[in-house]
Structures are given as C-alpha cells and as structure tokens.
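Input: a single structure, listed below in structure tokens.
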There are 2 protein chains.
Amino acid sequence: MSEKIYVGVDLGGTTIKVGVCDSEGKLVHTYEAPTKAEEGAEAGMERIAEYVRTAVAESAYEWEQVAGVGAGMAGFLDIPNGFIKFSNNLNWRNVPAKQILEEKLGVPVKINNDANVAALGEAWGGAGRGIDNCVCYTLGTGVGGGIIINGKIYEGFGGMAGELGHVSIVSDLEAVACTCGQKGCLETVSSATGIVRMAKDAVERGDRTALALVNPITAKDVFDAGKAGDEVALRIINRAAYYLGRAMAGMAVIVNPQRFIVGGGVSKAGDILFEPIRETFRKYTPEHAQTGVDIVPATLGNDAGVVGAAGLMLE
Amino acid sequence: MSEKIYVGVDLGGTTIKVGVCDSEGKLVHTYEAPTKAEEGAEAGMERIAEYVRTAVAESAYEWEQVAGVGAGMAGFLDIPNGFIKFSNNLNWRNVPAKQILEEKLGVPVKINNDANVAALGEAWGGAGRGIDNCVCYTLGTGVGGGIIINGKIYEGFGGMAGELGHVSIVSDLEAVACTCGQKGCLETVSSATGIVRMAKDAVERGDRTALALVNPITAKDVFDAGKAGDEVALRIINRAAYYLGRAMAGMAVIVNPQRFIVGGGVSKAGDILFEPIRETFRKYTPEHAQTGVDIVPATLGNDAGVVGAAGLMLE
C-alpha cells in the first residue's frame, strides 16, 4: 500500500498556493498561481482544482495517493458544511466549496479559516511538531491565532474560539477601540498596527525618540530603534509584549497548552520581543501552570497555511 | 435491558456524599456520611465503597444497573490513572483510588478534581443541560471553574486547564497578590474573599459606607448593603462583576462556550451581581462572539459535585 499524501490550499485574495505534504506534515512540493477572484467563484473553484492537480502532478507522488484536500481562507465560513458564506477579500458569496471541489477532484475536501489553519500547520509540521496541545498567535496587521487541542483545531460553539486577537486584556486606562467594535482587545497593542499606533502617539506627544524622524513609521522601525537602545521604542515593544504575555498567562490556566507558538511578521523581531513576553508570562502565571510550558517562534513562515490546510484531513 | 445508573461521590474533608443519577443526569437518590479522613486512606476507601453500596441499595435501582462510579475531590490528582498524589484536606498521600475502588466495587471508577466535577455536574444535569460547550465559575472563598467542551471536562496539557480563578485579569494598578503566588488573578476580586478584602480596604480608607458598622464583614453583608443602595458596596460589587465579565469576554473568543454558568455562595446575590457581569461581557466581547451566548446562575447548588462525579462515567 503506497504512502498517503495530503494536499493543502491557501486561498488568498491574489494568489492560490498549493502544498503537498507527506503523512508527517513535511511539505514536499508547492505550486502557486493567481486567484483571479474577480472572475467569480465558479472559475475560482475550477482554478483551485486545476492547481491542486498540477501540484500533485509536479510532485514525486501519484494522484491515487491523495488522501484529501484541505483549504484555508479568510471570511465567514460554515466549516462543518464546507460552505463559504462571504469572503471579503475574494468578494465571493454562498459558495458550497467543499461540495464543488469534491465533485471536481473525487477526494474528500475540508475548509477552515486561515488563522486556524496556520495554527494547525505550525502545530502539525512546524514549531509544535510532536505536541498535542498548543496555542498559536500570528502577529501581523492584526493578531490572529488558533488553539490546537489533541491535534485538532478547537472551534467552540459558534466557530469563534481562537479569535485570540480579540481577547479583552488592555486596562481601561490605556484601552483604545478595536476594529471589532469593542475596546481593549489584544490586537490593539500587540499587532504591527498597535505598535505603530503607540509609536505615533509617542511622537505626537513629543516623547524623545529617534522615531520622530521616521515617516511613515513601521513596526520594524520601532524594533530597529529599540535594538539601538531607543527608550521610547523599548517601552512600546515592552507594552506589546506585556499584554501578549498576560494573555498567555490567562491561556495557561484556561487552555493550558504545552507550547505557545508566535509567528507573523512582528515575531521576526526575535529576542527583543520574546524575552519580555516570557518574563510577563512567568510573572502572571501560577507556577504549576507554567511548568513544562514554553513560548517559541513559529518555524514555517508563510508555508504554515498550506501545511495546516493539508493537515485538516488528518483531524 | 434495564436502565443504567451512574453513581457520584463527593469526597469532602468531613463528609462523603454519594448521589445516584439516571442516564439523563437526574439525581434520584443521595446518601451522606462522615469521611473520618483521620483514620487514613485505606479505611477511607472502604468507607466510600460501603457508602456507595448503601446509596444504591436505598435507591429504587439494583446494583447490576450501576454503569460506574465517579468521585470528585480536592487535591493533586493523576486523573488518567485515578491516583491521589496528595490531598490537603484529607491528608492522604499516594492513594491508587481508582484501582482500590474498582477492586472493592467491581465496576469502572474515575476520579477528577472537585471544581471540574462541579462544572460537569451543572453542564450535564443543571443549568447547562442540553448544551455541549459551557464554562462554569464557582464563586466561593476562591473562584473555581471548569470548561466543558463537547460534554467533556477539558483538562489541558498539565491538567491545569480550567483554573479559572487564576486568570490574570486585574490591571496592575489595582492588582494584589493571590494565594497562588501570582498577582492580579480573578480570584483576588471576584471571590467572597476578594469582595470582603475590598470592603475592608474601603472601611480602612474611611469611605462613607454602612459597612463601617459591620464587623466582621462578609460578602453577604456587602451585597445586602448594595441592595440597600450603599454606594461603596455597589462599587465593590461592580468591581467583582466587572473583572468576571471581562474574564468571560476573553473566554468568549478563546473557548467560545454557548453558556456561562455562575454558581457558588456569592452567586446567590442574584441580579445585583449578574446584571453588571452581563453588561461588562457585552461591552468587551466582539458582537459576533456574544451572539447566542448567555450567562446564567447555576441550578444544582451543593448537588453539582455528586451529579458531576456521576457524569464522569459518561465522558
């Protein structure tokens, strides 16, 4: 009996990326081509099917070895039924994606949202390999995340579990409005957007910082200034790290994962970010709930999406 | 084939309570007798077995209908192996409880900690009946709790999941040390102890409150004063409710339960406590994560322990 392979699709607004994984979560081949979302969902589904076939054909495996296809995407999804209710970045509505793709490909198909899928990718084939329970944060424009329990994405009652950027954590004194409509979400401080906002506020207030000379300010500018010893930049970085560390402290007694994985563009800052995260976590987590728990950087980068999508079939 | 029954044991420091439940989680008979923990674990195990047999004999059911026996207790447990590592209130160490009781009773036995078991009891046979995902808080001397996912207690990697009283939530400005060794835990504000502490602080500070005339102050005194319109008491109640509501807002995007159940002595205060909890929850939870989610009082009272222990066998 030949080895099974798992195909993952990262359905983005401009590009569809397909990854072929072996049964251990190792990415053995990738293929990427345009989404052309503006041509509509029907054409889009055909394109996904075509790209999946191409990726497998280009790999060292045969189509008969495909155990199934998973796809991750942004948008409002009916996950159990594999239905895209509305996708903002594709501008598609009411697409029975699972049904269409299963008909076209003749193999089982699952869909899930991109943040959950990226978390599953890191858990299965990345920094969480071999670990059953982990929580992943993706620090980018926003803060995404996913909770992997016993190797599976935890969805919760309304599919809203793992919206880790919207944990209400910031103290009222420094809380600002979040894009979600609420106040004090983690995302408002620990995302690139949050870091840039705090930097702009500091410059506007007239704080003495090298960032006053930078325009526009990016999160990377803030980290670079921090590494050069800029105290205002360091204060901002510590704030972003502090709230993430406190959010993790809560997670340690709620979900109690074995590992926290932090990915996304902001996480590339390295120790200057991870050290204060770990310090805060240690300070606010009961000792018995931090034993054996670590906080590590993600390892798959942009491949987390296709690896996790492929991993959907193993759930 | 005759109906199965499920027996639950609430192993307390002074009393062992046994409950017989039907397969729907309805408590049909209870029996209670002294623990006599000071006579040691061996005698204790024999006593549990005897009380279980008595409870079933007194009920309308036959021993042959017993599907299994669950037991909830405080202490450090090795849950999968049914082993009591150390129980503070019993002063027992290294007791292979599951093994001993299975030998004595001839039916499957499971053990779990009392907070988890009480949560399972409410979820199975109490306020969460018919609901798969719920989170329970018990507001007493401390804040306990449990997370029920798909009808099962969620334990986490180190068995530390659901230590909901130790979620780090209080802002640094008003955070105090917790018995767990950390700072800012929910338990420091939303427990009876936390409420009494805030009341004492207010009196010592010289705040104008009727509580200044009460000594010693209990949590009930604070609620009674609040109901009578005492503004200091209301402020304290709102603080206890605020942090619980914010903790729930976090849970809504982490665990995303369908229902929050609040029990324990403090919860008997009723609307004066529940209204500000609900208000805070609505304010800090993204709208799509609060849809269909409610916050309700527990209904089983002290029976939650035996019902949940019985429910362990259905997991």
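Just so it is clear: chains get the letters A, B, ... in the order the sequence lines come, proteins before strands, and each one is counted from 1. Remember, predicted model here, so these are calculated numbers, not experimental data.
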Taking the basic N atoms (NZ, or NE/NH1/NH2) and the acidic carboxylate oxygens, is any pair closer than 4.0 Å for Asp172(A) and Arg246(B)? yes
Heavy atoms only: give me the nearest Tyr284(A)-Lys183(B) pair and the separation to one decimal. CD2-O, 3.5 Å
Got a donor-acceptor contact below 3.5 angstrom from the Glu163(A) side chain to the Ala289(B) backbone? no
Show, in sequence, the C-alpha distance, side-chain angles and deciding distance for Leu164(A) and Ile254(B), and conclude whether the side-chain contact (heavy atoms from CB on, under 4.5 Å) test is met. CA-CA 6 Å; Leu164(A) 305 185; Ile254(B) 296 171; 4.1 Å; yes
Counting heavy-atom pairs under 4.5 Å to chain B, which of Gly156(A), Cys134(A), Ala249(A), Ser168(A) comes out on top? Ser168(A)
Heavy-atom distances under 4.5 Å only: say whether Ala175(B) touches chain A with side chain, backbone, both or neither. neither
Please round to the nearest 0.5 Å and tell me the distance separating atom CD of Glu287(A) and atom NE2 of His166(B). 13.5 Å
Name the region of Pro257(A), side chain, backbone, both or neither, that has any atom closer than 4.5 Å to a heavy atom of chain B. backbone
Non-hydrogen atoms of chain A under 4.5 Å away: do they reach the side chain of Tyr242(B), the backbone, both or neither? side chain
State the CD1-CD1 distance between Ile149(B) and Ile149(A), to the nearest 0.5 angstrom. 4.5 Å
What part of Arg259(B) gets closer than 4.5 Å to chain A, counting heavy atoms only: side chain, backbone, both or neither? neither
Indicate whether the side chain of Asn150(B) and that of Tyr154(A) have a donor and an acceptor atom separated by less than 3.5 Å. no
For Asn133(B), which atoms come within 4.5 Å of any heavy atom of chain A: side chain, backbone, both, or neither? side chain
Would you give the length of the straight line joining atom CD of Gln182(B) to atom CD of Gln290(A), rounded to the nearest 0.5 angstrom? 6.0 Å
So which of Pro286(A), Gly250(A), Cys180(A) has the largest heavy-atom pair count under 4.5 angstrom toward chain B? Pro286(A)
Check whether Leu173(A) gets within reach of chain B through its side chain, its backbone, both or neither, counting any heavy atom under 4.5 Å. side chain
Identify which part of Ile147(A) has an atom lying under 4.5 Å from any heavy atom of chain B, answering side chain, backbone, both or neither. side chain
Which one wins on heavy-atom pair count under 4.5 Å against chain B: Thr285(A), Ile169(A), Val135(A)? Thr285(A)
A quick test of your reading: do over 12 heavy atoms of other residues, nucleotides or ligands sit less than 6.0 Å from CZ of Phe76(B)? no
Please determine whether the number of non-hydrogen atoms from other residues, nucleotides or ligands lying under 6.0 Å from atom CD of Glu231(A) exceeds 12. no
Under 4.5 Å to a heavy atom of chain B? For Ala247(A) that would be neither
